[in-house]
Amino acid sequence: MSKEDIDIDAEIERISRKTNINIKRTEFAFEKQIKKLDIEIDEIANQKIKDFEEYKEELENYLTTDYSSLSIDRYREKLKKI
C-alpha cells in the first residue's frame, strides 16, 4: 500500500469521527462534574441557611430571657460554690 493508495477523504472522516467521539466524552464528563459541584454547593448553602436559622433562634432565646435579680443572685451563689 503506497501513499497514493490511501483514500484521503476516508482518512479524514475516520479521524473526524474519533475526534467527535472524544469531544462528546469530554463534554459528558464535564457536565457530570458540573452537576456534582452544583449538588455540593446546594448542600453547603442549605446547611449554612440551617445553621443561621439555629443561631438566630438561639440568639432570640438569649435576648428574650428575663433575668430577675433573684435569678442573678442564685447564679452568683452557685459560682461562689465553684
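Ion pair R76/D73 flagged as a salt bridge, since at least one NZ, NE, NH1 or NH2 atom sits closer than 4.0 Å to an Asp/Glu carboxylate oxygen. Contact check on E13 versus R17 returns a salt bridge, with a Lys/Arg side-chain nitrogen under 4.0 Å from an Asp/Glu carboxylate oxygen. A salt bridge is absent between E53 and K50: the closest approach of a Lys/Arg side-chain nitrogen to an acidic carboxylate oxygen does not fall below 4.0 angstrom. Contact check on K24 versus E27 returns a salt bridge, with a Lys/Arg side-chain nitrogen under 4.0 Å from an Asp/Glu carboxylate oxygen.
Taking CG of L37 as the start and CG of D42 as the end, the distance is 11.0 Å to the nearest 0.5 Å. Taken from CD in Q33 to CG in D38, the straight-line distance is 10.5 Å, to the nearest 0.5 Å. To the nearest 0.5 Å, atoms CD (Q47) and CD (E43) are separated by 9.5 Å. Here the OG1-CZ distance, from T19 to R14, works out to 9.5 Å after rounding to the nearest 0.5 Å. From N46, atom CG reaches atom CD1 of I41 across 12.0 Å, with rounding to the nearest 0.5 Å.
A donor atom on one side chain and an acceptor atom on the other are not found under 3.5 Å apart for E57 and N61.
L59 places a side-chain heavy atom less than 4.5 Å from the side chain of Y55.
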